[in-house]
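For reference, the structure discussed in these notes is given below.
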Amino acid sequence: MAPRKQSGSTSRKTTRGSTATKSGLEGGITDFSKDQELDSYREMLLIRRFEEKAGQLYGMGFIGGFCHLYIGQEAVVVGMQMALKPGDEVITGYRDHGHMLATGMEARGVMAELTGRRGGYSKGKGGSMHMFSKEKHFYGGHGIVGAQVSLGTGLAFANRYRENDNVSLTYFGDGAANQGQVYESFNMAALWKLPVVYIIENNRYAMGTSTARASAQADFSLRGKSFGIPGYQVDGMDVRAVHAAGMEAVEHCRSGKGPLILEMLTYRYRGHSMSDPAKYRSKDEVQKMRSERDPIEQVKARILEKKYASEDELKQVDKKIRDIVADSADFAQSDPEPDVSELYTDILL
Amino acid sequence: MSGSTTRMTMIEAIRTAHDLAMERDDKVVVFGEDVGYFGGVFRCTAGLQKKYGSHRCFDAPINESGIVGAAIGMSTYGLKPVVEIQFADYVYPAYDQIVSEAARMRHRSGGQFTCPMVIRMPTGGGIFGGQTHSQSPEALFTHVSGLKVVVPSSPYDAKGLLLSAIDDPDPVIFLEPKRLYNGPFDGHHDRPVTPWKNHPLGEVPDGYETIPLGKAAIRREGSEVTILAYGTMVYVAEAAAKETGIDAEIIDLRTLLPLDIEAITESVKKTGRCVVIHEATRTSGFGAELSATVQEACFYHLEAPVLRVTGWDTPYPHAQEWAYFPGPDRVGRALREVMED
Ligand SMILES: Cc1ncc(C[n+]2csc(CCOP(=O)(O)OP(=O)(O)O)c2C)c(N)n1
Ligand SMILES: [Mg+2]
């Protein structure tokens, strides 16, 4: 990838009507192959249906405490995952169910962690915000806003140290981007040329506070500028745009050029967590996003238009996904709770 | 004083205290994450921005260190910032500012500067919050000399103590047991909680009435054993006393620093027995301090070792919350045990 200028400082970059000369990082979109369209459709739909089910189980009282749904943001994690190779690490905050499913973690294990059961990824100890999978190189699931950014930087350091060619994908939100440790991390990553892609999922809100009310510079792609970290805004509702930017970003890191920032312009449809009625924004705003920019509907429309699959075939896909999700929900309700003796395991004595 | 009162929740009591303090003194400014426009995730600051303007009640970015650090600067100048840390579990990024700056300003400036500020934060478990939304970090603050540490257990106390805290010339850590926001939860998670409107301590004086820092309250008079508690555990202690039939004297410390040693020793000298309880983990918890204080001051009056009932020495779990939470059964067992000696 040739060195490029950073994205504009004033306006949100629109990827609509992009031309073939633009790179992924500059908002270019490469058409997906049939397989890519169908794969991304399936992956995004799995996350959507999983989250809908989690919301239901929460409403029924099977999931306690905190539960942050990823609905609306599916294209971000699916597009990025499609740009990875096995071994690349993923780390994120507490809105993590989608990231886990995208890395290939089992729906059963994730759902059972939500309900606090033995078969959950953290044996019921972590809950919605705290899950991990060594096998899938998923490093959590972190409840403290911004903490994972330094951890992801450390993963990148380990990659460089081991010369293993892996890249650390470090996700965080627009709100998290204001934590001081983010900038400590940026400096270290740039100083030591670490292979880390910082993915800022800008869904316009941090709980009830919009970016305008909390950020002096709400173009988050610029946040690495003083460290010389290139940053780009990406249409996070279009999985192809995410994928194209992801491919270049990961390549940039792998080739030893140091960190890179991708600001994903995205949106969460639901409240911050299950207990948030989201009164701080209008229903129209949400509705407009849903009806005009939905990441899954975009792919679906293309699949049908290009006749990659028929309505009926997509219904079959949907049914398979519903089966996976229903199975995970059954498991999450029937699997026993951890034994009380588990209170005193995985600790220091 | 008019003497009139209003029934309210702890959330409303906290909001009212902010309101009165802001009305009285324009040096009081209130900020934190989601505090201004949204009114706080627990609604403790709802309506303040509308009433006093966004220069006095406002949102801060998610940067606890910056929030507390800025508040320290404001307070050394003479403002009286009241900041909210959304959950006590999020205070750690600000811990350096609290310990190295706020707590030491008075001492290292030879008394020229103090930090008249309040750092409020919801604390404690019982809401299925898991390890990042349930902690009780009070001992991390009591261990630092230079801070005052307050834990109210009712709407009545929350209002009076918060007013005192805001008016105090030094930094006050104000820990609000979130499980008590809407009612006196006694650890019986399978039973409905009485709302504050049906509890005598839900009746709060309307005016500017303060409760002094450093004064404990006796919640139940008794002769057989003294229970030292604060926050949610006050009601757990009440339930345990009732269920065991042991005539316990329950002391609600209300302020951990300064500690009301007089009230403690007076009671323990009378009963000769003492059980210390808290939700926080056991090792180096505030209970250790209480236990040591009691044996130093009341050794010759004690008829049994001082017992502690606390959270286990583990992170707060997601599953098995009620096996972790020191409920009335565990407190009751300690009461029986201490009576055996
Ligand atoms: C250190 C810390 N401060 C505050 C919180 C409370 N909190 C949890 S999520 C959140 C908003 C974060 O917003 P953003 O980073 O934009 O992520 P999003 O929820 O939009 O995915 C806040 C304030 C926390 N968990 N940790
Ligand atoms: Mg956000």
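Hydrogens, waters and symmetry mates play no part in the numbers below; they use all other heavy atoms, side chains included. Below, chain A is the first sequence line, B the second, and so on; all start at residue 1.
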Quick one: what part of [X] sits under 4.5 Å from any heavy atom of chain B, side chain, backbone, both or neither?
X	answer
A/Asp339	backbone
A/Val340	both
A/His272	neither
A/Ala176	backbone
A/Leu343	both

Problem - Test log, rule side chain to side chain contact (heavy atoms under 4.5 Å, CB included), inputs A/Met207 and B/Phe38 - result: CA-CA 9 Å; A/Met207 274 189 174; B/Phe38 189 57; 5.9 Å; no

Report the option among [options] that has the most heavy-atom pairs separated by less than 4.5 Å from atoms of chain B.
options	result
A/Ser275, A/Ser210, A/Gly175	A/Gly175
A/Gly143, A/Gly124, A/Ala177, A/Gly116	A/Gly124
A/Ile63, A/Leu348, A/Ile347	A/Ile347

Exercise for the section: Output the distance between atom CD (B/Gln320) and atom CD (A/Glu342), rounded to the nearest 0.5 Å. Expected result: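 Separation between the atoms: 9.5 Å.
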
Handout entry: Beyond-backbone contact of B/Thr314 with A/Tyr344, side-chain heavy atoms, under 4.5 angstrom
Key =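 In short, these two side chains touch, coming nearer than 4.5 Å.
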
Problem - B/Ile127 side chain near A/Phe66 side chain, heavy-atom distance below 4.5 Å - result: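 Touching, per the 4.5 Å side-chain cut-off.
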
Exercise for the section: Please say whether more than 12 non-hydrogen atoms of neighbouring residues, nucleotides or ligands are located less than 6.0 Å from NE2 in B/His143. Expected result: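 Result for NE2/B/His143: open.
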
Handout entry: B/Lys50, NZ atom: more than 12 neighbouring heavy atoms under 6.0 Å
Key =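 No, the 6.0 Å shell around NZ holds no more than 12 heavy atoms from other groups.
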
Problem - Region of B/Glu321 in contact with chain A, defined by heavy-atom distances below 4.5 Å - result: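 Contact with chain A involves no heavy atom of B/Glu321 at all.
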
Problem - Heavy-atom proximity to chain A below 4.5 Å, by part of B/Phe87 - result: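 Just its side chain gets close to chain A.
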
Problem - Heavy-atom pair of closest approach, residues A/Ala206 and B/Ile62 - result: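 Closest pair (atom of A/Ala206, atom of B/Ile62, distance): CB-CD1, 3.8 Å.
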
Practice task
Provide the closest heavy-atom pair for A/Gln179 versus B/Asn63 in the form atom of the first, atom of the second, distance.
Solution key: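 Taking A/Gln179 first and B/Asn63 second, the nearest heavy atoms are OE1-CA, 3.3 Å.
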
Practice task
Answer yes or no: is there a donor N or O on one side and an acceptor on the other, between the side chain of B/His318 and the main chain of A/Lys123, under 3.5 Å?
Solution key: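 Between the backbone of A/Lys123 and the side chain of B/His318 there is no qualifying donor-acceptor contact (under 3.5 Å).
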
